[in-house]
Number of protein chains: 2
Amino acid sequence: MQLNNTSQYAIRILSYIARKQDEHLLSANELSKILNIPYKFLTKIMTKLVKAEFVESVRGRDGGFRLKDDAQKISVDDVLNLFNDSIKDEQCLLGIGACDTQCKCAMHDQWMKPKLLIQKLFRKSSIKDISKKGSKI
Amino acid sequence: MQLNNTSQYAIRILSYIARKQDEHLLSANELSKILNIPYKFLTKIMTKLVKAEFVESVRGRDGGFRLKDDAQKISVDDVLNLFNDSIKDEQCLLGIGACDTQCKCAMHDQWMKPKLLIQKLFRKSSIKDISKKGSKI
DNA sequence: TATTAATTCTACCTAAAGGTAGTAATTTAA
DNA sequence: TTAAATTACTACCTTTAGGTAGAATTAATA
Ligand code: SF4
Ligand code: SF4
């Protein structure tokens, strides 16, 4: 009942890049140190983010990463999808998710509300939104 | 962003026992077949449920399992706690959870609502509630 | 009492997530 | 033009969740 480690990292990385990229490119080294993410694991995540075209990279000395598109255009849900961590419509707490209105357990209706709220949260929150204020991200 | 497999199994097991135990003890064999849970894995879960005193077991021929307490007294949250799958108050989508009101990210407030709803759902739903109606559990 | 149907115990196996190591490729700047 | 700073690639290691195997223990009943 929590986002997996990798997507947590990815969101924090993108958020930090969005906040700082006007000053300079963000190197893996800086990201790793500031965000406290193991360097080698971070670079692995970065290549995924590059391939998915969320960020673009500049190789060589003074290189680094910057967002490819406007931070406003990347939703948290987009990122989660990359790491198979988004919430599907049929997702059910008990891993069944195939019950209809005739046949449903006591949790079904109560689960719908928070599920929809979370889906909305993921879909409506952009990286820009998240990167705005301080917080320990 | 989903309950882990083992707690899903556990909840479905307890729910099924609650629904059927007035008729007869539930053997691991029956539970495994009906609920479609690998037999050997199920027995492993059962011994945990026995040790946690959610169910009691009767050994030997015609043995099986029954709930130890009233199904009304066992909450879903109790079960989730046994499998480290409950939602802690400080649980945060980004694995930080240490931000205060002065310093919080854009997701913080939006995450609070669904989180509280889910915590409430887990704490207020008893095994009895879940076992009531049909569904594919 | 022997058989059988059941739980319990111990130990191991497998797959996936998370993480690490080393090296090649690329670019800048001294 | 060479050294340094950087990303990219390939392969491996570690931990954890999920699952399996086999033998020991228990109790009803034929
Ligand atoms: S009725 Fe219950 S088990 Fe079925 S999909 Fe809804 S929440 Fe899941
Ligand atoms: S502010 Fe954001 S990162 Fe900090 S605890 Fe709240 S949700 Fe988590």
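Reminder, nothing fancy here: chain letters follow the sequence lines and each chain counts from 1. All figures in this text were calculated on a predicted structure; none of them were measured in a lab.
- Following rounding to the nearest Å, A/Leu42 (CG) and C/dG18 (P) show an atom-to-atom distance of 15 Å.
- Between B/Leu25 and B/Gly64, the shortest heavy-atom contact is CD1-N, 3.9 Å.
- A distance-only check finds a donor-acceptor pair linking the side chain of B/Gln119 to the backbone of B/Ile87 [under 3.5 Å].
- Listed by first and then second residue, the salt bridge (charged side-chain N to carboxylate O under 4.0 Å, His left out) pairs that reach into residues 28-48 of chain B come to none, sequence neighbours excluded.
- Screening residues 108-120 of chain B for salt bridge (charged side-chain N to carboxylate O under 4.0 Å, His left out) gives B/Lys104-B/Asp109 as the qualifying pairs, with residues at least two apart or on separate chains.
- Residues B/Leu35 and B/Arg12 share a closest heavy-atom pair of O-NH2, 2.7 Å.
- Panel note: side chain A/Gln8, backbone A/Leu3; a donor-acceptor pair is recorded below 3.5 Å.
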Nucleotides 4-15 of chain D: protein proximity per nucleotide (B base, S sugar-phosphate only, - neither; heavy atom, under 4.0 Å): -BBBSS------

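- A donor-acceptor pair under 3.5 Å links the side-chain atoms of A/Arg19 to the main chain of A/Ser131, judged by distance alone.
- Proximity of residues 79-91 of chain B to DNA chain C (heavy atom under 4.0 angstrom from any strand atom) is not detected for any residue.
- Within residues 2-9 of chain B, the residues having any heavy atom under 4.0 Å from DNA chain D are, by residue number, B/Asn4, B/Asn5, B/Thr6, B/Tyr9.
- Taking a pair as Watson-Crick or G-U wobble with both distances under 3.5 Å, the runs of three or more consecutive pairs in DNA chain C are C:1-30 with D:1-30.
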